[in-house]
Amino acid sequence: MKERLGTVRDRLDAACRAAGRDPSEVALLAVTKTVPAGDVAELLDLGLTAFAENRAQEASSKVTEVAALRPAAAPRWHFVGGLQRNKVRLVLPWVTRIESVDSPRLARTIDSEVGKARDRGERDAPLPVLVQYSVDGDPDRGGVPDDGLDSLVDLVAELPGTEPAGLMAVAPLGWEPERAFERISEVFRRTRERHPGARELSAGMSADLEIAVHHGSTVVRVGTALVGERRLTSE
Ligand SMILES: *Cc1c(COP(=O)(O)O)cnc(C)c1O
C-alpha cells in the first residue's frame with residue numbers, strides 16, 4: 001500500500017503542478033469501502049487521515065474496529081454513498097461529513113438527528129455536508145440534478161443542524177470526462193457565489209483525478225488506486 005500511496009501522491013502533485021495549484025489545496029480522501037479495518041490502520045500509519053465509506057452498517061463496524069486498532073489516531077470519516085434516512089442515526093456518532101446529501105428529505109432527517117444529539121448533549125455543532133450534484137440527472141446514480149440543486153443547498157444552509165460545505169459529484173459514465181468536469185466546476189462556482197462557506201469540491205477518483213484537479217477539485221476520493229482490489233472476506 002505504501003507504494004500505491006506514493007504513486008497516488010505523485011499523480012496528485014503532478015496534476016497540481018500542471019494546473020498551477022498548490023498541492024495543499026487538494027485533500028486525499030481514501031475510499032475504504034470493502035477494505036478491512038487492518039488495512040485502514042495501515043493507511044493511518046502511512047499518514048492518511050481521512051477515509052470514506054459508502055455503507056452505513058459496514059462503516060459503523062469498521063470505525064469501531066479501527067478505533068480499537070489505533071486508539072491514539074483521530075481519523076476523519078466521510079460518508080459518500082446513498083444514505084437511507086433510517087441509517088442517519090447509525091452514522092451520526094462517527095461521521096465527520098456526509099458528502100452525499102441529495103434530497104430535502106435526507107437533509108431534514110440529518111437536521112433532526114443532529115438536533116436530538118444536541119439535546120442529549122452529544123454534539124454542539126451543525127454537521128458539515130456536501131450536496132451531491134448529478135451531472136446527467138440519472139436517478140439511479142445518486143445526486144440532485146440541476147433543477148433541484150440551488151434549493152437543496154439553500155435548505156442545508158437554513159437548517160440549524162446542517163451546514164453547506166460544498167458539492168460532491170461523480171463524472172457520469174458515457175460522458176466525455178472533460179465535459180463532465182467543466183460542468184461540475186461551473187456549477188460549483190455558482191454555488192460558492194451563493195454560499196461562500198461552500199468551499200469544497202469533492203470530485204475525481206482513481207481514474208480521473210488529474211482532470212478533476214485541473215477543474216478545481218479540492219477533495220479527490222481515491223479507492224482502487226490506493227488499496228487495489230482488496231475486499232472484506234465476509235462480502
Ligand atoms: C468507490 C467510490 C470512489 C472511489 O472510486 P475508485 O475508482 O475506486 O477510486 C469514489 N467515490 C465514490 C462515491 C465511491 O463510491
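Read the numbers this way: they start at 1 and go in the same order the structure lists the ligands and their atoms.
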Part of Lys33 within contact of ligand 1 (heavy atoms, under 4.0 Å) =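 Side chain only.
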
task = Please work out whether any backbone atom (N, CA, C, O) or any side-chain heavy atom from C-beta onward of Thr224 is under 4.0 Å from ligand 1, and answer side chain, backbone, both or neither.
result =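 Both parts.
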
So which protein heavy atom does [atom] come closest to, and at what separation?
atom                    : result
atom 12 (C) of ligand 1 : Arg221 NE, 3.8 Å
atom 10 (C) of ligand 1 : Met205 SD, 3.2 Å
atom 9 (O) of ligand 1  : Ser206 OG, 2.5 Å

When you measure from the side chain of [X] to the backbone N and O of [Y], does any donor-acceptor pair fall under 3.5 Å?
X      : Y      : answer
Lys62  : Thr32  : yes
Thr162 : Asp111 : no
Arg183 : Val135 : no

key: Steps toward side chain to side chain contact (heavy atoms under 4.5 Å, CB included) verdict (Glu99, Leu29)   = CA-CA 12 Å; Glu99 297 205 359; Leu29 184 59; 3.3 Å; yes

ask   = Where do Ser202 and Leu130 come nearest, in terms of heavy atoms and distance?
value =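 Distance-wise, the nearest heavy atoms are CB-CD1, 3.6 Å.
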
task = State the atoms of ligand 1, each with its element, that fall below the 4.0 Å cut-off from a heavy-atom position in Val222.
result =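 Near Val222, meaning under 4.0 Å from one of its heavy atoms, ligand 1 has 9 (O).
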
ask   = Does ligand 1 have any atom sitting under 4.0 Å from a heavy atom of Val80?
value =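 So Val80 counts as touching ligand 1.
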
message = Please evaluate residues Thr218 and Glu200 with respect to the criterion side-chain hydrogen bond (donor to acceptor under 3.5 Å, both in side chains), reporting the C-alpha separation (whole Å), side-chain torsions for both, the decisive distance (0.1 Å), and the verdict.
response = CA-CA 6 Å; Thr218 66; Glu200 306 288 346; 2.7 Å; yes

